[in-house]
Amino acid sequence: VHGYLLPVVTIMEPNQPEIISGPVNSLGYAYVTIPANVPVLQVTTRNGTGDADVLVFDPDNYAFLSVRVGSTETLSFASPKAGRWQIVVGAYTTYSGVSLTASLITPTALSTNTTLTGLSGVLSSETFYRVTIPAGTNSFSVSTSGGTYGDVDIYLKRGSPPTTCSTSTNLVCSYDYRSTNTGNSDSIILTNPVAGDWYINLYGYQAYSGVTFATTTLAITTISPLPSGSVGAAYSQTLAASGGTPPYTWAVWSGTLPPGLALSSAGAITGTPTTASTYTFTVRVTDSASATNNKTFSLMIVGALTITTSSPLPSGITGTAYSQTLAASGGTPPYTWVISSGTLPAGLSLSSAGAITGTPAAIGAYSFTVSVTDSASTTATKTFNLAVVGPLMITTSSPLPSGSTGTAYSQTLAASGGTPPYTWAISSGTLPAGLALSSGGAITGTPTATGTYPFTLRVTDSASITATKTFSLTIAPP
């Protein structure tokens, strides 16, 4: 055949089948004009009876031959040269009713996570797909499985459709990866593939039916950083993945988990952290087809959640506005505060932010327990005591008992309400000469001069509340 000058018998249109027949040893001739920028040209014979072989000449007169038994021939050409292609059909035996087609094929676009079911193909069939792999993809796989019979193989190539070859054709093979297992269970797994368009050719090494085809990108979907944990508080976080072929197996690939935590093969990080710090580690997930993906996580372990405000709380005074904000440390802010047992003094309330505010209405000693919860649902509790007292006042009457010159004098002042102990001082005026006021409220000494003396005294309690009162003191002659 190679030496013959081929007369054109049939002018074919792309994608339009021609039904042909021929006696044994006959040659049938045709040509088809292929436009520019065609992804795949596929010349096929299908159906009919007998055994017809196919010889194809490209525009540069290079010849390609397919000589399978029967009339099921396939010759595929990626990015075929534009121009006239010549086709010769040779009758190895008499054939009849055979469909000859020159198909212009655009590979079907699929996402990186697609499953197609119920696929079938005849002997030597080639079905093309295109997948665009985004940058940063760690793992990409294509696989076939199932089926009721047959043998399908996978060919994979970046940038252009892959072509196949066998002992039945003289095509030049062009592919980056292939899987040619016996039967319909084939897979190709790429680790850190180059981003861009990848093309897939499902090749019917034998006729096949009922096959499932899948493209998957195995990805770890859990976001970093992980929810923080607290020292001494149970921690649990389950990692998640998508794509690939479940089930997944998890392991720490590099770095270390916080002390007290461990990663199970099912992806659960559990335990009770023992040391506060920020930890960085990389985990690896592996699917059942041995595809892998890695991701680096950070996990902050904070100190144990603790209420740091001391008890008892500063006392309140009836009828006087009160405000005290509780404080906590550790855990994961923000914090939420509640009364877990007991009651606040009448007139006071606790906000979720930890502020005890209001105006106390009744004197008394109160005990209550406060609970704080952080954003990780860890809780801590503490019992507080809070006394509510009456208003601070000086109860000693004026005028004070009189004194006389040359005679020792002593008078202790008294106060009530507020929060003892009290501290006394002269606010204005002066005591009689020879007398002094102690911080404990005692006026003592020996007067040296007669007269009536006005002065104002101030008392301060331990909560820095003050009260004042003006007194007079007469010093008479002996």
Side-chain angles (χ1 to χ4, degrees), residues 110-117 131-147 152-154 156 158 176-195 198 200 211-229 233-275 277-301 376:
L110 302 177
S111 73
T112 52
N113 287 283
T114 299
T115 299
L116 304 178
T117 60
V131 175
T132 302
I133 298 178
T137 299
N138 297 105
S139 177
F140 173 73
S141 65
V142 292
S143 63
T144 56
S145 61
V152 63
D153 296 332
I154 304 174
L156 182 64
R158 182 172 69 90
D176 294 331
Y177 304 92
R178 70 174 179 177
S179 178
T180 57
N181 296 334
T182 300
N184 295 321
S185 295
D186 285 275
S187 66
I188 299 171
I189 299 172
L190 304 182
T191 301
N192 298 320
V194 176
W198 287 76
I200 303 152
V211 169
T212 296
F213 170 63
T215 64
T216 56
T217 50
L218 179 60
I220 297 174
T221 56
T222 304
I223 297 173
S224 180
L226 295 173
S228 61
Y235 184 87
S236 179
Q237 176 68 33
T238 299
L239 304 179
S242 65
T245 307
Y248 307 123
T249 302
W250 299 80
V252 176
W253 184 247
S254 65
T256 55
L257 291 172
L261 299 186
L263 173 64
S264 74
S265 61
I269 299 175
T270 57
T272 301
T274 61
T275 307
S277 187
T278 298
Y279 300 86
T280 301
F281 51 91
T282 300
V283 300
R284 165 166 286 192
V285 62
T286 303
D287 71 1
S288 60
S290 297
T292 63
N293 193 5
N294 293 356
K295 188 169 184 176
T296 299
F297 289 94
S298 64
L299 170 54
M300 181 174 65
I301 303 299

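- Residues satisfying the side chain to side chain contact (heavy atoms under 4.5 Å, CB included) test with Pro134, not counting sequence neighbours, are Thr112, Thr137.
- Across every non-hydrogen atom of Ser139 and Thr292, the tightest pair is CB-O, 2.9 Å.
- For the atom pair CG of Leu299 and OG of Ser228, the computed distance is 7.5 Å after rounding to the nearest 0.5 Å.
- Tyr279 places none of its side-chain heavy atoms less than 4.5 Å from the side chain of Leu226.
- Taking Ser298 as the reference, Ser224, Pro225, Thr280 meet the side chain to side chain contact (heavy atoms under 4.5 Å, CB included) condition, with sequence neighbours excluded.
- Within the model, atoms OG1 of Thr296 and CZ of Phe281 stand 9.5 Å from one another, a figure rounded to the nearest 0.5 Å.
- Closest of all the heavy-atom pairs between Pro193 and Phe140 is CG-CB, 4.1 Å.
- Between Thr180 and Asp186, the shortest heavy-atom distance links the atoms N-OD1, 3.3 Å.
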Check your understanding: Hey, mind stepping through Leu263 and Leu239 against side chain to side chain contact (heavy atoms under 4.5 Å, CB included) and telling me if it holds?
Key -> CA-CA 9 Å; Leu263 173 64; Leu239 304 179; 4.1 Å; yes
Under 3.5 Å, which donor-acceptor pairs link side chains of residues 214-223 to any protein atom two or more places apart or in another chain?
residue: Thr215; atom: OG1; partner: Ser111; partner atom: O; Å: 2.9
residue: Thr215; atom: OG1; partner: Thr114; partner atom: N; Å: 3.1
residue: Thr216; atom: OG1; partner: Ser141; partner atom: OG; Å: 2.5
residue: Thr217; atom: OG1; partner: Asn113; partner atom: ND2; Å: 2.8
residue: Thr221; atom: OG1; partner: Ala240; partner atom: O; Å: 3.3
residue: Thr222; atom: OG1; partner: Ala240; partner atom: N; Å: 2.7

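- Looking at residues two or more places apart in sequence or on another chain, you find a side chain to side chain contact (heavy atoms under 4.5 Å, CB included) between Pro247 and Ser288.
- Considering only heavy atoms from C-beta on, Val131 stays 4.5 Å or farther from Val142 through its side chain.
- Residues meeting the side chain to side chain donor-acceptor pair (under 3.5 Å) test with Asn138, sequence neighbours left out: Asn192.
- Other residues, nucleotides and ligands contribute more than 12 heavy atoms inside 6.0 Å of the CZ atom of Arg284.
- Taking every heavy atom of both residues into account, Trp250 and Ala241 meet most closely at CZ2-CB, 3.7 Å.
- The side-chain hydrogen bond (donor to acceptor under 3.5 Å, both in side chains) contacts involving residues 257-272 comprise nothing, where partners must be two or more places apart or lie in separate chains.
- The two residues Pro227 and Tyr235 have their closest heavy-atom pair at O-OH, 2.6 Å.
- A search for ring-ring contact (aromatic ring centres under 6.0 Å, His included) contacts involving Phe213 returns Tyr129, not counting sequence neighbours.
- Scanning for side chain to side chain donor-acceptor pair (under 3.5 Å) contacts around Asp176 gives an empty result, with sequence neighbours left out.
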May I have the list of side-chain donor-acceptor pairs in residues 251-261 shorter than 3.5 Å, sequence neighbours left out?
residue: Ser254; atom: OG; partner: Thr282; partner atom: OG1; Å: 3.3

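- Qualifying side chain to side chain contact (heavy atoms under 4.5 Å, CB included) partners for Ala376, counting only residues two or more places apart in sequence or in other chains: Thr332, Asp374, Thr378.
- The closest side-chain heavy-atom distance from Leu190 to Trp198 is below 4.5 Å.
- Remark: Ile189 CD1 to Thr191 OG1 distance equals 7.5 Å, nearest 0.5 Å.
- Scored by the side chain to side chain donor-acceptor pair (under 3.5 Å) test, Ser187 finds no partners at all (sequence neighbours excluded).
- The side chain to side chain donor-acceptor pair (under 3.5 Å) check on Thr144 picks up nothing, with sequence neighbours excluded.
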